[in-house]
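Each remark here refers to the structure printed beneath this line.
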Amino acid sequence: MIEPIFLLEAAVNGILLSGVLALLALGLNLIFGVVDIVWIAYVDLVMVCMYLVYFLVMVYGWPLWLAGLGSLALGALLGLGVHLLIITPILGSAPVNQLLATGGLLFFLQSFATFLWTTDHKTVRLALPILEVGGMFLSFVRLIAFVISLLAMLGLWVFLRRTYIGTAIRAVSQDREAMALMGANPQYVYLVTSAIGGAMAGLAGALLVIQYSVHPFFGAAFGPLTFMICVLGGLGNMVGAFVAAVVMSEIISIGGVVISTEMGYVIAFVVFIVMMFVRPGGLLVRRG
Amino acid sequence: MLAVKGLTKHFGGFAALTAVSFEVNDGEILGLIGPNGSGKTTAFNCISGALPCTAGSIRFRGEEIAGLTPDAICHRGIARTFQIPRPFRKLSILENVAVAAHFGAARRADAAEARRRAREILVTVGLPADGLASTALLGAAGLKKLELARALATGPRLLLADESLGGLDPTEMTTAAELLRRIRGELGVTIVWVEHIMATLMRVVDRVVVLDHGEKIAEGTPLDVAEDPRVVEAYLGERIVLT
């Protein structure tokens, strides 16, 4: 029997993990909701940003916070680039072509990263403490990542609620034609959305690289999890994505302690498959 | 104000509009009528830029607008409403109108200005302007008003109103028709009005253009058009009763 304190520790760690996952899912969801295209290579953009932070911090000796801002900026630029170079030409084409194009980007980024930086795992080493709270051991890095993720999501929420471009983004995700007839240029709304989605990938990259080592196939490790969270939360549903992120990371974290890390993931994926039968529209959507 | 010349729209092999020409004069209310599938809404879609036209010219205040994007046409001063209201359900009533006021104006309005204008327009059309009211509270009549309010918020010179009366009861119809008349009178907006409810439309409009199978079959004052044998035939012998 596992001691309750370990379960509690796993539960708290699960919540801490959910922050970054929710951030990723929200970024992907935001883009999907507005542009109606799933960026298969989204987490591979995160991988590129992680490399940037690694090189800036470990090779050029930048302070981490500055490298994080750089990662945010690179993410936004990558988002703009992906939209202009890859998405714009295929906006109106069949969904399968869109999947193939963004999927192609995934393989390009993986291969390019392997070519440039080899398959070695690269780690940003930080001398940050492990906190002891009431007998539980919590990673300080994870706590920081969680808090920053929450702040970023809060910032996104305020942006979507309080600014006109944010309101237009919410409006376009419901009816792009009507919004164009009211004078908002769809391409402008798409570009802003892609830049924000990209910036969230950049931020997530900075928060992930201090917890995990980066390698060219990082996207393959976190990508499926991110998509699962998006689908589980209901594609385009922001609150749902957050709830799904918490559920998934709790399963992984607690399953990891009770059985084994690998089994944590297995259980999470099984739960996902079962949920797709029970609630195909997402956790928060009633079947109807 | 608006000169449509030889407007043609094909969907594959189907000709939805064939060489339709008509003009809209500054300050008038023009009725655009015809049986179901006669091309009225397609004409609106072409003029507002939602659909590219196959051939023809659309000149607005002397400038060719055929081929411009919907947002560019909106900025030149043409707004439209939809037959089936399409509010942004997740936005409040005020947000729906304010976002149109912000992006729709030829020169982008700042946040406070757009909000103020949105409130004014909501008062004009008779909807709550407090900013919290949700679109879920609106019935058919309210949604039609919201469509009008969003269109007006973009500051149009020409309003394309698509079936503003559909689904309303007789009292609401009279109010809605009166509202269109006020929009022309008080805001000086020229209106092209597509409508099925003939009796109400005929009382409000200055002139009528009649479409059938994508072609213009008649044009003139409501009285002349109602007597036109081709119009009577298009409506399957059903005479348009003017009350």
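Note on naming: letters A, B, ... go to the chains in the order of the sequence lines (proteins, then strands), and numbering restarts at 1 for each one.
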Counting only heavy atoms not in R176(A), do more than 12 fall under 6.0 Å of its CZ? yes
Could you check which of P156(B), A151(B), A111(B) has the highest count of heavy-atom pairs closer than 4.5 Å to chain A? A111(B)
Please name all residues satisfying side chain to side chain donor-acceptor pair (under 3.5 Å) with N96(B), sequence neighbours left out, ordered by chain then number. R150(B)
In short, A168(A) meets F103(B) closest at the heavy-atom pair CB-CE1, 3.4 Å
R170(A) vs V99(B), test: side-chain contact (heavy atoms from CB on, under 4.5 Å). Steps then yes/no. CA-CA 10 Å; R170(A) 285 189 293 143; V99(B) 81; over 6 Å; no
Residues from residues 177-208 of chain A approaching chain B under 4.5 Å (heavy atoms): E177(A), A178(A), M179(A), A180(A), L181(A), M182(A), G183(A), A184(A), N185(A), P186(A), Y188(A)
How about residues 66-77 of chain B versus chain A: which residues have heavy atoms under 4.5 Å apart? P70(B), D71(B), C74(B), H75(B)
Is the shortest heavy-atom distance from the side chain of E95(B) to the side chain of Y164(A) under 4.5 Å? no
Inspect the surroundings of CG in L137(B) and state if more than 12 heavy atoms from other residues, nucleotides or ligands are less than 6.0 Å away. yes
With chain A, the option among A98(B), G49(B), A79(B), S48(B) that has the most non-hydrogen atom pairs under 4.5 Å is A98(B)
Part of A114(B) lying under 4.5 Å from any heavy atom of chain A: both
In residues 4-16 of chain B, which residues are in contact with chain A at a heavy-atom separation under 4.5 Å? none
